[in-house]
Amino acid sequence: MKKIFFITAVVLFISILSFTGCIKDKCSNTYKIYIPVYKTLTQVRASVKAEAPRPMQKTGKVYVYGNYVLLNEPNKGIHVIDNSNPSSPKNIKFINIPGTNDLAVKDGYLYADCFGDLAVIDIRNAANPIKENILPGVFPDKMNYTNPNIDPDSVNMIVDYIEKDTTVNCDTYNTWMNCPQCRVTAQGGAVFSLASSPTTGQGGSTARFTVVNNYLYTVSWTDLSSFNVSVASNPQLQQKQNIGWRIETIFPFENKLFIGSNTGTFIYSLSNPASPFREGQFSHVNSCDPVIADGGYAYVTLRSGTMCNNGVNQLQILDISNIANPTLVKTYSMNKPFGLAKQGDLLFICDGTQGLKIYNAADASNLQIIKTIGSLEPADVILKDKIAMVIATDGFYQYDFSNSSGISLLSKLALNK
Amino acid sequence: MKQILLLLVLFAGKADAQNKFRFHSFISVGILEGEKATSSVIESVNGMSYKNWFVGAGVSIDHYTFRTTPVYLQLRKEFGKPVFIFLSGGQNFPWVKNTEEQTWMKTKFYPKLYYEGGIGYRWPVGKNNSLVLSAGYSQKKLEEIKTYRNGICIGWNCQPETVQKFEHRLRTLVLKAGIRF
């Protein structure tokens, strides 16, 4: 019997081996491909205008100006929100600005990037914004052409993407590369924000535009630019200086600019506002790096990720009493921190999927957590009049923190509503 | 759980007394021969036989390409005493190694359909036990979702994530040897 069992087993085994060539695995790969929609630069510039309000589809940077909140929808435009009643904000207008990610306001004039251009919008009547001016080619790192004086009819810009579901064999996945301008991800935007000077408006810690007195300062990947906006409707580029690489954020405080980069925090003096110069710096490991300052301390969140050269996730508090030589006071471990803001002793930190964390920061070397609001994934926060305005992946939240132990949600502007 | 086991034992005993229903367990190990590799499988099927039919519930550990645990129902039909055919169908649950989340990418697997069919031979050993040899064809499906964080950047702005969905259909010829008791 054993012999029969063994012979049968061998016969079956040989039979199986002889058929294996017929057996093929299959693997399909499903993803979204985004096919670009082009407009000429002339058409792009002509399309900068106010339109009827529309629902937010993606969250971007946020800026507070008087009773208005300006919400950037990355690469699309800016939603104008009437926030006279923070419990019931009203979406009143949309300003179409293709290729925009950053903004700031002075004396009723909104400055926003429009690909490589700077768009100036008159929002003195926020219910009826009017395009005032376009400064062409002032942000070269956002242009796909090198000559700022090029014939604008000869340049095509990607203003949108058409979404298409695609399924291919796993082995042929990279066929989308045949469409060099196509993308294989959700088109729209991430969630970063912008800044401003307290006299003009207020932005977040992840801002890349800010206004201080009569100057608009912007940072690109490598440069710090200063624009004279003493005539608010007519900015004049004064200076562009190379200040490093992977520059991320700019935050104004006491006649200084705190600039966050992948490699460290730079402090620039505005004693000559047209030409800021570096007064001090503090280096850290490669990480994404929003920074704010308050009194004698600077608060720096370091975040890991591909964009951030991996890096670490932590809050660093720097003693800036000696601007020329900031020193590390203490490091706190974080989950994945983005923007942050401070008012009085309260420090708000947007800590990725762990939510919004509120600390008592009376003692910088001994932060005490007061509350964690874990129901949102925040990107940046602005504190104004005891209201925390939080931009998150799923919308714009406002919290009343007049009673720090009982922080309460006032309102939420959700996406697609 | 204890109650179910007790019922099963009582039912098996009663069935045995009536000489119609019998409770059986199959434990087998096998070789999987597929396009990518030769791999192994271990399975346990437990159920009831009635005349020439057997219905049972089974679970396997299948190592072909991705380690998975198919959970299925199995139907067997014997022709004469020794030869039988079988068909199994159910869900293929992932039990994949090395899927820890990375900074830039995470992978998750999700269950999909599993089936197997084949022919076998059974040699009675003693009063109630048998040696079993079978050959067949199996297909297990598995869904793999890869999420890449910070997939696309425009200047400083990065898209939150890129998602790719892979559907794997893994086909093998199967040779199994085991015991029935």
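Scope of the values below: all heavy atoms of this structure, side chains included, with no hydrogens, waters or symmetry mates. Throughout, a chain's letter reflects where its sequence line sits, starting with A, and its residues are numbered from 1.
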To the nearest 0.5 Å, tell me how far A/T167 OG1 sits from B/K165 NZ.
7.0 Å

Does NZ belonging to A/K26 count more than 12 external heavy atoms closer than 6.0 Å?
no

Least distance between heavy atoms, B/R171 atom then A/K24 atom
CD-O, 3.0 Å

Just how far is it from atom CZ of B/R169 to atom OG of A/S28, taken to the nearest 0.5 Å?
6.0 Å

Sub-4.5 Å side-chain heavy-atom contact between A/C27 and B/F166
yes

Honestly, the part of B/K141 sitting under 4.5 Å from a heavy atom of chain A is neither

What are the two closest heavy atoms between B/L173 and A/I23, and how far apart are they?
CG-CG1, 3.8 Å

Got a donor-acceptor contact below 3.5 angstrom from the B/E35 side chain to the A/D25 backbone?
yes

